[in-house]
Amino acid sequence: MSLFSFMLVGIGGFAGAIVRFVMTSIGKRKFSILFPVATLLINVTGSFLLGFLYGGHFQQTWMLLFGTGFMGAYTTFSTYKLENVQLIERKQIRTSILYLAVSYILGISAAFLGITIGSYPHSF
């Protein structure tokens, strides 16, 4: 690994973290705190975009910048799990199960859709 690779991941991670922070802030203001809509939208869009990058067979520099860096900081598995634990602690078991199911179904579907769209001939 080169210094350039570390820089690409770092720059992408910085941008991804900022975008996630902004989207989470907007999501918390716009949507009820009873269901973690912001994290759901972030993880589903991140799944789509990462699928798109993978399906598009982008060059390694783009994958490091956007795939590893940006998407690594933008998407959030740990927050997703913590929110599920918080729902369970608040005795919102149905909401937790719904959140788990919807996140996995939409996330995997979005990744497949991204791969499919990214796989179409393009000139990237």
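Partners of Phe112 under the ring-ring contact (aromatic ring centres under 6.0 Å, His included) rule, at least two apart in sequence or in another chain, do not exist in this structure. Residues forming a side-chain hydrogen bond (donor to acceptor under 3.5 Å, both in side chains) with Tyr99 (at least two apart in sequence, or on another chain): Glu83. With sequence neighbours left out, the side-chain hydrogen bond (donor to acceptor under 3.5 Å, both in side chains) criterion links Gln92 to Arg90. Every side chain to side chain contact (heavy atoms under 4.5 Å, CB included) that Ala110 has, sequence neighbours left out, goes to Val44, Ser47, Phe48. The side-chain hydrogen bond (donor to acceptor under 3.5 Å, both in side chains) test applied to Ser96 returns Asn84, not counting sequence neighbours. Listed by chain and number, the residues in a side chain to side chain contact (heavy atoms under 4.5 Å, CB included) with Leu82 are Gln86 (sequence neighbours excluded). Taking the side chain to side chain contact (heavy atoms under 4.5 Å, CB included) definition, one finds that Arg94 meets it with nothing, sequence neighbours left out.
Under the 30°/60° scheme for interplanar angles, the aromatic rings of Tyr80 and Phe77 are found to be tilted.
Connectivity analysis of hydrophobic side chains (ILVMFWY, heavy atoms under 4.5 Å, direct or indirect) links Ile115 to Tyr54. Residues Ile88, Ile93 make up the rest of the hydrophobic cluster containing Ile97, defined by ILVMFWY side-chain heavy atoms closer than 4.5 Å, directly or through other members.
To the nearest 0.5 Å, atoms CG (Leu40) and CG (Asn43) are separated by 7.5 Å. To the nearest 0.5 angstrom, Met1 atom CE is 9.5 Å from Leu64 atom CG.
Contact detail for Leu8 and Leu65: the closest heavy-atom pair is O-CD1, 3.4 Å. For the pair Ala17 and Ala73, the tightest heavy-atom approach, listed with the atom from each and the gap, is N-CB, 3.5 Å. Nearest heavy-atom pair, Gly46 versus Thr75, reported as atom, atom and distance to 0.1 Å: CA-CG2, 3.5 Å. For the pair Met63 and Phe58, the tightest heavy-atom approach, listed with the atom from each and the gap, is CG-O, 3.7 Å.
Evaluation of the side-chain hydrogen bond (donor to acceptor under 3.5 Å, both in side chains) test over residues 65-74, restricted to residues two or more places apart or in two chains, returns Thr45-Tyr74. The stretch residues 101-113 participates, sequence neighbours left out, in these side-chain hydrogen bond (donor to acceptor under 3.5 Å, both in side chains) pairs: Lys81-Tyr104. Contacts classified as side-chain hydrogen bond (donor to acceptor under 3.5 Å, both in side chains) and involving residues 3-23 (residues at least two apart or in different chains) are given here: Ser2-Ser5.
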For Phe70 and Val19, what are the C-alpha separation, side-chain angles and deciding distance, and is it a side chain to side chain contact (heavy atoms under 4.5 Å, CB included)? CA-CA 9 Å; Phe70 186 90; Val19 173; 3.9 Å; yes
